[in-house]
Trainee: 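One structure coming up, written as structure tokens, with questions to follow.
Since we're looking at a predicted model, the values are computed, not measured. As a basis for the values below, the full set of heavy atoms in this structure was taken, side chains included, without hydrogen atoms, waters or symmetry mates.
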Amino acid sequence: MRTPVIAGNWKMFKTPAQTREFFSAFLPLVEGSSHCEIVVCPSYLSLAAAVEAVAGSRVRVGAQNIAWAKEGAFTGEVSGPMLVDIGVQAAIVGHSERRQHCGETDATVLQRTQAALEAGLQPIVCVGEMLEEREGGRTEEVLRAQFQDGLAPLTPEQFGSVVIAYEPVWAIGTGKTATPEIAQDAHAFLRSLIAAAFGESAAQATRILYGGSVKPDNVQGLMAQPDIDGALVGGASLEAGSFAKLVNYDG
Ligand code: PGA
């Protein structure tokens with residue numbers, strides 16, 4: 001049995017004051033929800049406010065990125081030990097927006113994932129194909145390459161702490177969710193890659209989240225798929241009511 005994860009990726013939205021406001025509305029709405037893990041990933045600037053706001057609740061706070069080094073001359077980067085020090089517990093790695101706009105590659109995804117694991121953070125590693133790759137029938141080829149270069153080099157023990165997010169780039173922020181069937185196919189394919197690299201029991205234990213225009217009205221169809229273990233949510237995680245509805249997808 002894989003415990004589902006509902007994670008919010010706030011991207012470059014919300015100040016610390018808006019973060020506190022969100023949690024005072026959100027926490028009472030998810031107080032009774034114990035069926036899934038809840039993670040919220042604000043910008044670096046709002047992490048401390050988020051950690052403080054969720055104290056005593058089941059909600060965990062994640063960063064949206066993490067440096068591959070522990071410390072050093074890396075202007076603009078924030079390291080795993082720094083994140084852990086303030087109470088952060090997870091980090092998104094390799095989001096497609098970072099791959100597209102910030103030069104993230106499978107090699108840096110692997111390094112950042114290793115840095116997260118060394119620091120004791122749970123990496124949420126994003127993979128997914130672009131529209132032209134899907135239309136060109138190359139989805140599996142792209143996922144295989146991202147997995148082989150970004151995840152397969154981890155040790156089995158390291159891999160055991162990883163959560164994967166399948167996010168087809170054409171579905172992110174576009175309102176075009178993958179149909180549950182399209183998402184399920186990609187998740188099943190990723191699980192087969194995990195089985196080949198790390199064995200069947202690792203494949204059965206790994207949580208694979210779907211991301212890309214997940215909303216309260218489509219979450220149930222996605223969550224009903226056998227290989228979809230949760231969601232990584234952008235836009236619909238910004239408002240307390242809609243994110244609470246996503247967390248409470250089963251009721
Ligand atoms: P979206 O973003 O839900 O706004 O499509 C998802 C993501 O980028 O993680």
Trainee: What about Ile6 and Val125, same hydrophobic cluster or not, with Ile/Leu/Val/Met/Phe/Trp/Tyr joined at side-chain heavy-atom distances under 4.5 Å?
Mentor: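 Yes; tracing contacts between hydrophobic side chains, which count when under 4.5 Å, links both residues.
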Trainee: Nearest 0.5 Å please: distance from the CD atom of Gln184 over to the CG atom of Asp227.
Mentor: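 If we round to the nearest 0.5 Å, Gln184:CD and Asp227:CG are 4.0 Å apart.
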Trainee: Which residues pass the side chain to side chain donor-acceptor pair (under 3.5 Å) test with Thr15, not counting sequence neighbours?
Mentor: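 Here the qualifying residues are Gln18.
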Trainee: Tell me, do Asp106 and Leu110 make a side-chain contact under 4.5 Å, heavy atoms counted?
Mentor: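 Asp106 does not reach Leu110 side chain to side chain.
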Trainee: Mind checking whether Leu117 and Pro123 have side chains closer than 4.5 Å, heavy atoms only?
Mentor: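 Yes, at least one pair of side-chain atoms sits under 4.5 Å.
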Trainee: Thinking salt bridges, do Asp217 and Lys245 make one under a 4.0 Å N-O criterion?
Mentor: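 No, Asp217 and Lys245 are not salt-bridged.
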Trainee: Taking only distance into account, with no hydrogens and no angle test, what donor-acceptor pairs under 3.5 Å do side-chain atoms of residues 169-178 form with protein atoms, sequence neighbours excluded?
Mentor:
residue : atom : partner : partner atom : Å
Trp170  : NE1  : Glu129  : OE2          : 2.8
Thr174  : OG1  : Trp170  : O            : 2.9
Thr174  : OG1  : Ala171  : O            : 3.4
Thr174  : OG1  : Lys176  : N            : 3.1
Thr177  : OG1  : Ser213  : O            : 3.2
Thr177  : OG1  : Asn218  : ND2          : 3.0

Trainee: When you measure from the side chain of His35 to the backbone of Tyr249, do you find a donor-acceptor pair of N or O atoms at a distance under 3.5 Å?
Mentor: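 The answer is no, because no donor-acceptor pair under 3.5 Å joins these two groups.
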Trainee: Would you mind checking if Glu132 and Arg138 are paired as a salt bridge, meaning a charged N to carboxylate O distance below 4.0 Å?
Mentor: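 A salt bridge is absent here (no side-chain N lies under 4.0 Å from a carboxylate O).
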Trainee: Is there a path from Leu222 to Leu209 through hydrophobic residues (I, L, V, M, F, W, Y) whose side chains come within less than 4.5 Å of each other?
Mentor: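 Each belongs to a different hydrophobic cluster.
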Trainee: For the side chain to side chain contact (heavy atoms under 4.5 Å, CB included) test, which of Leu154, Thr206, Ile124 pairs with Val162?
Mentor: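 The passing option is Leu154.
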Trainee: List for me each residue that meets ring-ring contact (aromatic ring centres under 6.0 Å, His included) alongside Phe26, sequence neighbours excluded, and say none if there are none.
Mentor: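 With sequence neighbours excluded, Phe26 shows a ring-ring contact (aromatic ring centres under 6.0 Å, His included) to Phe22, Phe243, given in chain and number order.
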Trainee: Other residues, nucleotides and ligands only: do more than 12 of their heavy atoms fall within 6.0 Å of CD on Gln111?
Mentor: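 Yes, the 6.0 Å shell around CD holds more than 12 heavy atoms from other groups.
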Trainee: Can you tell me if Glu104 and His95 form a side-chain donor-acceptor pair at under 3.5 Å?
Mentor: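 Short answer, no.
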Trainee: Is the closest side-chain heavy-atom distance between Ile92 and Cys126 below 4.5 Å?
Mentor: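 Touching, per the 4.5 Å side-chain cut-off.
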Trainee: Is it the case that more than 12 heavy atoms not belonging to Phe189 sit under 6.0 Å from its CZ atom?
Mentor: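 Yes, CZ of Phe189 has more than 12 neighbouring heavy atoms, counting only those of other groups under 6.0 Å.
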Trainee: Below 3.5 Å, can you tabulate the donor-acceptor pairs from side chains in residues 74-90 to any protein atom, sequence neighbours excluded?
Mentor:
residue : atom : partner : partner atom : Å
Glu77   : OE1  : Arg112  : NH1          : 3.0
Ser79   : OG   : Lys70   : O            : 3.0
Ser79   : OG   : Met82   : N            : 3.4

Trainee: Would you say the side-chain atoms of Glu200 and Gln204 include a donor-acceptor pair closer than 3.5 Å?
Mentor: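 Checked: Glu200/Gln204 side chains pair up, N/O donor to acceptor below 3.5 Å.
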Trainee: Rounded to the nearest 0.5 Å, how far apart are CG of Leu121 and OG of Ser161?
Mentor: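 Between atom CG of Leu121 and atom OG of Ser161 there are 10.5 Å.
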Trainee: Suppose we screen for side-chain contact (heavy atoms from CB on, under 4.5 Å). Which residues come up paired with Pro16, at least two apart in sequence or across chains?
Mentor: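 side-chain contact (heavy atoms from CB on, under 4.5 Å) check on Pro16 returns Arg20, Leu45, Ser46, Ala49.
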Trainee: Under 4.5 Å between side-chain heavy atoms, hopping through other hydrophobics if needed: is there a path connecting Ile164 to Ile38?
Mentor: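 Cluster IDs for Ile164 and Ile38 match.
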Trainee: What's in the same ILVMFWY side-chain cluster as Met1, cut-off under 4.5 Å, chained through other members?
Mentor: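 Same cluster as Met1: nobody, lone residue.
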Trainee: Suppose we screen for side chain to side chain donor-acceptor pair (under 3.5 Å). Which residues come up paired with Gln122, at least two apart in sequence or across chains?
Mentor: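 Applying side chain to side chain donor-acceptor pair (under 3.5 Å) to Gln122 gives Arg60.
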Trainee: Among the clusters formed by ILVMFWY side chains lying less than 4.5 Å apart, do Val214 and Val5 turn up in the same one?
Mentor: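 Different clusters.
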Trainee: Tell me which donor-acceptor pairs under 3.5 Å the side chains of residues 143-152 have, and how far apart each pair is, sequence neighbours excluded?
Mentor:
residue : atom : partner : partner atom : Å
Gln146  : OE1  : Gly128  : N            : 2.8
Gln146  : NE2  : Gly128  : O            : 3.2

Trainee: Check whether any side-chain heavy atom of Val61 sits under 4.5 Å from a side-chain heavy atom of Val40, and report yes or no.
Mentor: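 No, side chains not in contact.
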Trainee: Do Arg191 and Asp229 meet the salt-bridge criterion of a basic N to acidic O distance under 4.0 Å?
Mentor: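 Yes.
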Trainee: What pairs meet the ring pair (Phe, Tyr, Trp, His ring centres under 6.0 Å) rule with one or both residues in residues 109-143, with sequence neighbours excluded?
Mentor: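 Counting only pairs at least two positions apart or across chains, no ring pair (Phe, Tyr, Trp, His ring centres under 6.0 Å) contact touches residues 109-143.
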Trainee: Carefully, step by step, assess Thr3 and Arg207 under the rule side-chain contact (heavy atoms from CB on, under 4.5 Å).
Mentor: CA-CA 8 Å; Thr3 306; Arg207 271 89 60 89; 3.8 Å; yes
Trainee: Answer yes or no: is there a donor N or O on one side and an acceptor on the other, between the side chain of Thr179 and the main chain of Ile182, under 3.5 Å?
Mentor: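 Yes.
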Trainee: Roughly how far, to the nearest 0.5 Å, is the CD1 atom of Ile208 from the NE2 atom of His187?
Mentor: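 It is 6.5 Å, given to the nearest 0.5 Å.
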Trainee: For a side-chain contact (heavy atoms from CB on, under 4.5 Å) check, start with the C-alpha distance between Asn65 and Arg98, then their side-chain angles and the critical distance, and finish with the verdict.
Mentor: CA-CA 9 Å; Asn65 188 20; Arg98 295 203 56 82; 3.2 Å; yes
Trainee: Shared ILVMFWY cluster between Ile228 and Val163, side chains joined below 4.5 angstrom?
Mentor: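 Shared cluster, no.
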Trainee: Partners of Lys11 by side chain to side chain donor-acceptor pair (under 3.5 Å), sequence neighbours excluded?
Mentor: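 For Lys11 the side chain to side chain donor-acceptor pair (under 3.5 Å) partners, ignoring immediate neighbours, are Glu97.
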Trainee: Applying ring-ring contact (aromatic ring centres under 6.0 Å, His included), name anything that partners Phe198, two or more places apart in sequence or on another chain.
Mentor: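 Phe198 satisfies ring-ring contact (aromatic ring centres under 6.0 Å, His included) with Phe159 once adjacent residues are dropped.
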Trainee: Tell me whether the rings of Tyr210 and Tyr166 are parallel (<30°), tilted (30 to 60°) or perpendicular (>60°).
Mentor: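 Tyr210 and Tyr166: tilted rings.
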Trainee: Once you round to the nearest 0.5 Å, how far does NZ of Lys215 lie from CG of Leu246?
Mentor: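 If I round to the nearest 0.5 Å, the distance is 8.5 Å.
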Trainee: Tell me, do Leu238 and Lys14 make a side-chain contact under 4.5 Å, heavy atoms counted?
Mentor: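 Sidechains of Lys14 and Leu238: in contact.
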Trainee: Kindly determine whether Ser43 and Trp10 satisfy side-chain contact (heavy atoms from CB on, under 4.5 Å), including the steps that lead there.
Mentor: CA-CA 7 Å; Ser43 73; Trp10 284 358; over 6 Å; no
Trainee: Could you note down all residue pairs passing ring pair (Phe, Tyr, Trp, His ring centres under 6.0 Å) where residues 101-131 supplies at least one of them, sequence neighbours left out?
Mentor: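 Applying ring pair (Phe, Tyr, Trp, His ring centres under 6.0 Å) to every pair that reaches into residues 101-131, excluding sequence neighbours, yields nothing.
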Trainee: Does any non-hydrogen side-chain atom of Leu232 lie less than 4.5 Å from one of Glu167?
Mentor: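 When only atoms from C-beta onward are counted, Leu232 and Glu167 do touch, with a gap below 4.5 Å.
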